[in-house]
Amino acid sequence: MPDVHAFPSPDALATAAAERILSALREALAARGRASLVLSGGSTPEPVFRRLAARPDALDWPRVHVFWSDERCVPPDDADSNYGLARQTLLDALPIPEAQVHRMACESGGPADAAQRYADTLRAYFDGAEALFDVTLLGLGADGHVASLFPDDDAVDAPNGWVMATEAPPSSPVAQRLTLTLPALNASRLVLFLVAGASKREALRRVLRPTDPEAPLPAARVRPVGDLAWYVDRAALGDDEGPDGGV
């Protein structure tokens, strides 16, 4: 059964998720002396970021490295930048050295070159150590996409490699993207999905209880080598919520 944690509101979800993240990062620091945190974009992580930002003394943040699951190819100060959101709501409040904030810079030089540069960044970070992120935060698109891996996109089936250039559907305000691949997303000790709002209900149902296992949504293909947990609010879970808050 999926490890689903249901909360009465987005605020309750954010509080619990922040505590889970801090706990996992503390374990990583104790075990390996440093920790890696992969951030996601979208609106759902923002309250989680703000709760972490309010806890600068809760963790030895100078030993944490920050990465991103995906990015829109816009300047870092653009309103659509995943990095920009994290900078404003999280990073500016925490004592993480700038050299340990590994932004996906894809607004110039072409997405393919940017993907290669970010792959080089990841190789330099792991440098022969086990290539596993400690905590990877992910969101769920209403169409079932994860990071910038969209349904019916050949990028979802990339057999190897850690970073790819992709294109979002025409409805997206920014088409060109960089994204971690499924092998990279699955290389994590903890993947934590954050899902809030009724607009995500159908996609969440299709991921947690797929009716066509032969054609899973991209988010359903995230199966990390470590733990996978879903932190969802009641609006997203809908009628699937059981009496104990699970499914």
Side-chain angles (χ1 to χ4, degrees), residues 1-32 35-49 51-52 59 67 69-70 130-147 149 156 180-213 215-247:
M1 291 292 290
D3 181 19
V4 179
H5 303 256
F7 300 93
S9 67
D11 282 346
L13 184 161
T15 298
E19 290 300 327
R20 180 74 178 266
I21 293 164
L22 289 171
S23 176
L25 292 177
R26 288 191 193 104
E27 290 181 9
L29 292 174
R32 289 170 292 280
S36 53
L37 171 63
V38 180
L39 302 180
S40 64
S43 59
T44 305
E46 181 175 346
V48 180
F49 292 170
R51 280 160 176 75
L52 293 173
L59 192 73
F67 301 88
S69 65
D70 69 319
E130 188 175 15
L132 288 176
F133 296 113
D134 293 305
V135 181
T136 298
L137 304 183
L138 294 175
L140 174 67
D143 61 354
H145 81 263
V146 62
L149 296 170
V156 179
L180 296 186
T181 62
L182 277 174
L185 296 177
N186 285 329
S188 185
R189 294 181 173 89
L190 170 65
V191 168
L192 186 59
F193 269 94
L194 310 174
V195 187
S199 66
K200 308 296 179 67
R201 186 178 300 170
E202 178 60 18
L204 182 64
R205 182 194 64 76
R206 290 178 62 192
V207 170
L208 297 180
R209 295 183 176 180
T211 56
D212 184 6
L217 294 173
R221 296 177 61 178
V222 176
R223 303 182 185 99
V225 298
D227 295 329
L228 171 63
W230 292 81
Y231 277 40
V232 307
D233 72 354
R234 286 179 180 166
L237 198 54
D239 294 337
D240 284 337
E241 183 181 354
D244 61 350
V247 296

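From a predicted model like this one, the values you see are computed outputs, not experimental measurements.
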For this session: Decide side chain to side chain contact (heavy atoms under 4.5 Å, CB included) for Asp11 and Arg51; before the verdict, give the C-alpha distance in whole Å, the side-chain angles of both, and the deciding distance to 0.1 Å.
Result: CA-CA 10 Å; Asp11 282 346; Arg51 280 160 176 75; 3.7 Å; yes

Problem set entry | Trace of the side chain to side chain contact (heavy atoms under 4.5 Å, CB included) decision for Val191 with Leu185 | CA-CA 8 Å; Val191 168; Leu185 296 177; 5.8 Å; no

For this session: Let me see the working for Phe193 and Leu204 under side chain to side chain contact (heavy atoms under 4.5 Å, CB included), right down to the final yes or no.
Result: CA-CA 11 Å; Phe193 269 94; Leu204 182 64; over 6 Å; no

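A 4.5 Å side-chain heavy-atom check between Ser69 and Leu138 finds at least one atom pair inside the cut-off. At least one side-chain heavy atom of Val135 sits less than 4.5 Å from a side-chain heavy atom of Leu25. Between Leu228 and Arg223, every side-chain heavy-atom pair lies at or beyond the 4.5 Å cut-off. A 4.5 Å side-chain heavy-atom check between Thr44 and Val195 finds every atom pair outside the cut-off.
Judged as a salt bridge (Lys or Arg N to Asp or Glu O under 4.0 Å), the pairs with a partner in residues 12-27 (not counting sequence neighbours) are, in order, Glu19-Arg55.
Between atom CG of residue Leu237 and atom CG of residue Leu208 there is a gap of 7.5 Å, rounded to the nearest 0.5 Å. Here Trp230 contributes atom CH2 and Leu13 contributes atom CG; the two are 12.0 Å apart, rounded to the nearest 0.5 Å. The distance from atom CG of Leu132 to atom CG of Leu190, rounded to the nearest 0.5 Å, is 12.0 Å. Between Leu180 atom CG and Asn186 atom CG the span is 11.0 Å, to the nearest 0.5 Å.
No side-chain donor-acceptor contact under 3.5 Å links Arg221 to the backbone of Pro216.
Residues forming a side-chain contact (heavy atoms from CB on, under 4.5 Å) with Glu202 (at least two apart in sequence, or on another chain): Arg205, Arg206. Pro8 pairs by the side-chain contact (heavy atoms from CB on, under 4.5 Å) definition with Ala12, Arg234, not counting sequence neighbours. Tyr231 meets the ring pair (Phe, Tyr, Trp, His ring centres under 6.0 Å) test with His5, Phe7; sequence neighbours excluded. In this view, Asp227 satisfies the salt bridge (charged side-chain N to carboxylate O under 4.0 Å, His left out) rule with no residue, not counting sequence neighbours. Scanning for ring pair (Phe, Tyr, Trp, His ring centres under 6.0 Å) contacts around Phe49 gives an empty result, with sequence neighbours left out.
In terms of heavy atoms, Val156 sits closest to Pro218 at CG2-CG, 4.1 Å. Across every non-hydrogen atom of Gly197 and Asp233, the tightest pair is N-OD1, 3.1 Å. Between Ala219 and Val207, the closest heavy-atom pair is CB-CG2, 4.0 Å. Residue Leu137 comes nearest to Ser40 through the heavy atom pair O-CB, 3.3 Å, listed as atom of the first residue, atom of the second, then distance. Minimum heavy-atom separation, Ala187 to Ala131: CB-O, 3.5 Å. Pairing each heavy atom of Ala203 with each of Gly141, the nearest pair is CB-O, 3.5 Å.
For the side-chain contact (heavy atoms from CB on, under 4.5 Å) test with Leu37, the passing option among Ile21, Asp134, Thr136 is Ile21; the others fail.
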